[in-house]
Structures are given as C-alpha cells and as structure tokens.
Amino acid sequence: MYIYDSVKKTKLLFEPIIPQKASIYVCGPTVYDDAHLGHARSSLSFDLLSRTLKALRYEVTMGKNFTDIDDKIIKKVQETGQSLEEITTHYINRYQEEMRALGVQDADIEPKATESLEAIESMIQGLIDKDIAYVVSSGDVYFDTSKDANYGTISHKVGDDEENQSRVEHNSEKRNPKDFALWKACHGDEDICFETKFSKGRPGWHIECSAMIEKHFTHTHGSDEYSIDIHGGGADLLFPHHENEAAQSRCATGHELAKYWMHNGFVNINGEKMSKSLGNSFFVKDALKVYDGEILRNYLISVHYRNDFNFNEEDLLNSKKRLDKLYRLKKRVTPTKASKPNIAFQKAILEAMSDDLNISVALATIEDMISATNDKLDENPKDKGLKKETLANIELIDKLLGFGGKEPFSYFQIGIDDDTKEKIETLIEARNQAKIEKNYEQSDAIRDELSAMGIAIMDTANGTVWEKL
RNA sequence: GGAGCCAUCGCCAAGUUGGUAAGGCCGUAGAUUGCAAAUCUGCUAUUCACCAGUUCGAGUCUGGUUGGCUCCUCCA
C-alpha cells in the first residue's frame with residue numbers, strides 16, 4: 001500500500017507501527033449543523049482507505065471524533081433554548097444516519113470531546129507543568145509555540161516575522177502571536193463550562209483530538225515514535241488544526257502524533273469552495289432526498305480524494321450511468337451463487353486502490369470486467385461458472401468500494417411504488433401480446449406510454465425487463 | 001503581503017521513478033432488434049494552458065508567462 005503523505009508531500013510505502021495493524025484517526029465534524037457534501041467526501045475518502053487496508057488484510061482501527069463543545073454549538077444553545085446535549089445528540093444521529101446512507105462504515109471509536117474532558121485536562125495540566133502551556137489572567141490557557149522546536153513542520157509555515165498579514169488574533173497576554181488556546185475560560189452565566197484545576201472553562205478546538213488519540217490509541221497502536229499510523233482530515237485542517245495538534249502531542253507525550261498524514265480535497269460548487277461563510281453549502285440530507293445514497297456515494301468517490309471535487313448534476317448523472325451498467329450485468333448473472341472472484345480482476349482492482357486509492361484506475365478495471373463479461377455472456381448466456389465468478393466480482397466491488405450490493409432488479413426500481421409496478425407489468429404484458437399478434441403500432445404505443453412514465457423497457461432473452469430512467 | 005496547489009479530447013478523468021497519452025459520458029459507423037432499448041465491435045487528443053531550457057527522448061524535470069483555486073480566521 002502506498003499513500004501520499006501530505007506533510008512529506010510525497011507518496012510513501014505504508015509501513016504501520018505494528019505489522020498488519022493500521023490505526024487511523026480522522027477529524028470528524030463539529031456538530032452544530034447538518035452535514036454537507038464536504039463532510040461526506042472526507043468521510044468517504046477515509047472509508048475507502050479503511051476498506052482498502054482491510055482488503056489488504058490489515059486489522060484496521062478507525063477513530064473519528066465529534067466536536068460537541070464549541071462556540072458555535074453554544075451559540076445554538078443560546079438561540080434555540082435547547083440543551084447542549086439535545087443539539088449535539090441530534091446532529092450526531094443525523095450525521096451517522098446520513099453517512100450510513102452513503103455506505104460509510106461506522107468508525108470503531110467515536111469519541112466526543114465532552115466525554116474526554118479528563119484526558120484533555122490532564123494533557124493540558126501536563127503542558128502547564130512543563131511550562132509549555134501558560135494560564136493568562138482571564139483563565140485562558142495558551143500553548144507556547146516557541147517551546148516547540150518543531151512547530152511548523154506539519155504545515156511548513158515557517159518564519160513568521162509578524163510582518164505578514166496573518167489574521168491571528170492579537171492578545172497582549174500571549175507570549176507569541178502564534179500561541180493558541182488550549183482552554184478557554186468561562187464567559188459568564190450563559191456559557192457552558194467545566195471545572196478544572198487551572199480554570200473553569202472549556203477545551204479549545206485542537207486539544208481534544210490530541211487527548212482523544214492519546215486516550216484511545218497510544219496503548220494499543222502507538223510506539224515510542226508515533227501515537228498512530230495515519231491521521232486524516234480535510235485539506236483545510238492542515239493549518240492550524242493539525243499543526244497545533246501535532247505540537248501539543250509532541251510536547252505532551254514526547255513522540256510524534258502520526259506517522260502519516262492524509263488530507264482530502266474540497267467539494268466545490270461552481271468552482272468555489274463550499275462553505276458556510278460563502279452560503280453555498282449543499283447538505284447531504286438534501287442530496288439524499290433527490291438521489292439514492294449509493295448513487296451519491298458512487299459519484300462522490302469517483303474523483304481521487306486529493307483533488308478538489310466540483311459537484312454538479314450532469315457529472316452525477318454520468319457516474320450513475322456507470323453504476324447502471326454494473327447493475328445491468330448483475331441482472332444478467334442473477335440469480336446465482338457467488339463463487340470466487342476472478343484472480344486477475346481482484347489483483348488489478350486491489351493494485352489500483354493500493355496506489356494511494358487510485359479510484360479512477362479501479363473504476364476502469366471494473367469497466368473492463370463488465371465489458372468482457374457481457375461479451376462472453378453474449379456468446380454463452382448460460383455460462384454458470386462465469387455467472388458465479390461475476391457475482392463474486394461484484395461482491396468484491398461492494399466490499400472494497402461500497403457499491404453494487406443491492407438486489408439488481410430493485411436497484412432499477414428505486415422510488416416506484418407497488419401500484420405503479422403493477423401497472424407497468426400490465427402494460428408490458430399487453431405489449432408482449434401485441435407483439436405476438438405483430439400489432440407493432442399497438443406495441444410501440446404502449447412503449448411510448450411507459451416511456452412517458454419514465455420507464456425504459458428492454459427485450460432480453462429472458463423476457464422483457466424494465467428500468468426507471 | 002506570505003505559503004501552497006492546479007491547468008490532459010466537447011464534458012468528467014487516470015497517467016510512482018522521463019520512453020512515446022487509461023477509462024467513462026457524448027458523438028459516430030456497424031452487429032443484434034419488427035423498430036427500439038440493452039449488449040458487443042470499430043472510429044473519435046501526433047497531443048497534454050503558453051514560452052524557453054535540460055535530454056537520444058518530457059504531459060512527466062528546470063526557469064518564466066498566463067489563467068484558476070486554497071491556506072495564513074471557524075471550516076471536511
């Protein structure tokens with residue numbers, strides 16, 4: 001397995017801390033609003049990583065956190081009058097539901113910041129004891145970036161002369177402009193705060209990840225050099241979030257946080273980054289109202305995870321056509337029992353994914369397999385061995401890439417209710433009768449009628465089948 | 001102002017160590033079909049934003065130009 005390390009900026013052979021075990025930690029969402037397509041893409045990217053590593057027989061431990069205490073959540077609490085827990089629970093449930101709809105496998109560990117306060121406090125206290133962190137008069141605790149010689153090695157942002165136009169907040173009590181908050185002191189009665197030895201307040205954004213990784217991974221997957229194998233997240237987290245995480249962990253534990261860093265690209269709408277501030281967010285829940293989760297998944301993973309992804313409906317329909325072809329093949333080999341996948345196919349698709357998740361090549365091998373199989377099936381429609389093998393191939397695709405697992409006839413009938421189905425069947429019967437009588441005017445009229453209903457029909461050796469367009 | 005990324009067929013999109021441009025959609029010709037659809041087969045970039053350089057050889061390396069994007073503030 002080769003992966004692109006976005007800190008070293010090169011593709012590296014994946015050599016885990018413990019042979020055949022892979023620990024992955026991905027920064028999850030701050031749960032104050034619904035998940036948008038960007039969350040989905042990040043989730044999907046690391047889902048593919050996890051699935052690929054599993055297919056390569058690694059024992060994968062995946063961690064993904066929920067930031068459930070933060071300024072925006074508190075603002076929502078104040079606005080809505082709901083409790084913090086009500087809000088975060090709601091969005092966490094939504095998030096999990098939607099990601100599952102996209103075929104994302106659940107993480108093994110899903111820690112919440114509010115459930116990790118002890119670990120957070122002890123890590124901060126440790127840093128204070130070493131004088132790497134300091135408490136200011138307000139009660140805020142800052143990390144002293146000047147104490148970490150390696151600060152800046154993650155994002156390669158070095159040589160800050162303070163002359164740049166950095167928009168770092170200016171706080172006179174900070175020792176260095178780049179110092180960041182580990183802990184934010186309470187701001188009055190409206191605030192949500194926790195008691196600690198240093199002050200009453202709540203964790204800063206970066207500390208929770210460090211603390212949670214320390215708490216959940218270090219003893220099972222860590223080493224003297226690294227806490228975990230792979231740390232992932234969106235490209236925008238590289239700085240300052242991951243830089244700061246790395247600094248905290250390095251100073252608190254004496255070893256590096258992650259051996260490899262991976263970052264996924266953005267989802268753009270009309271060529272621009274999708275974000276709250278631009279007001280062009282596209283929520284997963286809205287997309288799921290229009291498109292089946294599997295179709296969305298198939299589309300969102302169709303571009304390499306590191307590239308930016310330009311979301312548009314035309315491309316989505318394009319990728320749906322590719323998925324349709326896979327399901328048409330599945331129809332041809334159903335019903336049967338899967339045997340073993342084709343060795344060459346299995347090797348090719350795994351090799352593609354092992355190369356830093358080269359999904360394009362993986363999809364091309366699928367096209368190859370579909371085409372070759374259809375060809376053979378045209379020659380010999382009753383090749384049982386081929387059918388069994390093909391079904392196994394498709395099962396492999398489902399396991400590795402997370403699509404193609406549906407029952408093929410129902411795939412083409414998503415969103416059609418039973419009454420309509422009955423009507424369609426009746427019309428097809430009538431058309432077949434007309435065809436037997438060679439009344440082609442009649443049969444074509446029926447086909448037009450079905451077409452007007454959004455139903456396409458195809459006459460096959462096994463009778464007439466239909467698909468929703 | 002600082003840092004970085006990207007630019008490959010009408011559209012989407014691969015292309016580690018330089019060796020002579022995957023795949024899909026669309027289009028098109030044919031096989032098949034009562035006609036279609038589905039399926040199969042053939043065709044579809046002498047060329048990789050532009051300019052210069054290194055090299056026997058560059059989409060791939062170097063320098064420059066143009067255009068687009070991101071980060072430096074919460075952000076997947």
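Numbers restart at 1 for each chain; the letters A, B, ... are given by sequence-line order, proteins then strands. Below, each value reflects all heavy atoms present in this structure, side chains not excepted, and no hydrogens, waters or symmetry copies.
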Between residues 453-469 of chain A and RNA chain B, which residues have a heavy-atom gap below 4.0 Å?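 By residue number: A/Ile457, A/Met458, A/Asp459.
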
Expressed in whole Å, how much space separates the [atom1] atoms belonging to [N] and [M]?
N     : M     : atom1 : result
B/U20 : B/C25 : C1'   : 27 Å
B/G23 : B/U54 : P     : 35 Å
B/G4  : B/U62 : P     : 13 Å
B/A29 : B/C51 : P     : 36 Å
B/U8  : B/G68 : P     : 14 Å
B/C26 : B/G67 : P     : 36 Å
B/C6  : B/A14 : C1'   : 16 Å

For the base of [N], is there a side-chain donor-acceptor partner from [X] under 3.5 Å away?
X        : N     : value
A/His36  : B/A76 : yes
A/Asp444 : B/G34 : yes
A/Arg447 : B/A36 : yes

For the NZ atom on A/Lys347, are there more than 12 heavy atoms of other groups (residues, nucleotides or ligands in this structure) within a distance under 6.0 Å?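 Check fails, neighbour count at 12 or below.
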
Got a donor-acceptor contact below 3.5 angstrom from the A/Ser249 side chain to the A/Ala246 backbone? no

Are [X] and [Y], when compared by the centres of their aromatic rings, separated by less than 6.0 Å?
X       : Y        : value
A/Phe66 : A/Tyr95  : yes
A/His36 : A/Phe282 : no
A/Tyr4  : A/Tyr305 : no

Let me know the distance between NE2 of A/His242 and C1' of B/A3, rounded to the nearest Å. 18 Å

Sequence neighbours left out, cut at 3.5 Å: what donor-acceptor pairs do the side chains of residues 97-105 of chain A make with other protein atoms?
unit_1   : atom_1 : unit_2   : atom_2 : d
A/Glu97  : OE1    : A/Arg94  : NH2    : 3.4
A/Glu97  : OE2    : A/Arg94  : NH2    : 3.1
A/Arg100 : NE     : A/Asp106 : OD1    : 3.0
A/Arg100 : NE     : A/Asp106 : OD2    : 3.3
A/Arg100 : NH2    : A/Asp106 : OD2    : 3.2
A/Gln105 : OE1    : A/Lys54  : NZ     : 3.1

Identify which one of A/Ile366, A/Thr390, A/Leu350, A/Asp368 satisfies the side chain to side chain contact (heavy atoms under 4.5 Å, CB included) criterion when paired with A/Phe345.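 Per the side chain to side chain contact (heavy atoms under 4.5 Å, CB included) rule, the option paired with A/Phe345 is A/Ile366, out of A/Ile366, A/Thr390, A/Leu350, A/Asp368.
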
Checking A/Lys331 against A/Phe412: charged group under 6.0 Å from the ring centre and within 45 degrees of the axis?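 Positive - A/Lys331 is close enough to the ring of A/Phe412 and near enough to its axis.
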
Determine, for A/Phe266 and A/Lys273, whether the Lys NZ or Arg CZ falls below 6.0 Å from the six-membered ring centre while staying within 45 degrees of the axis.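 Pair A/Lys273/A/Phe266 counts as cation-pi.
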
Heavy atoms under 4.0 Å is the rule here; annotate nucleotides 19-28 of chain B 5' to 3' with B where the base is hit, S where only the sugar-phosphate is, and - elsewhere. ---BBBSS--

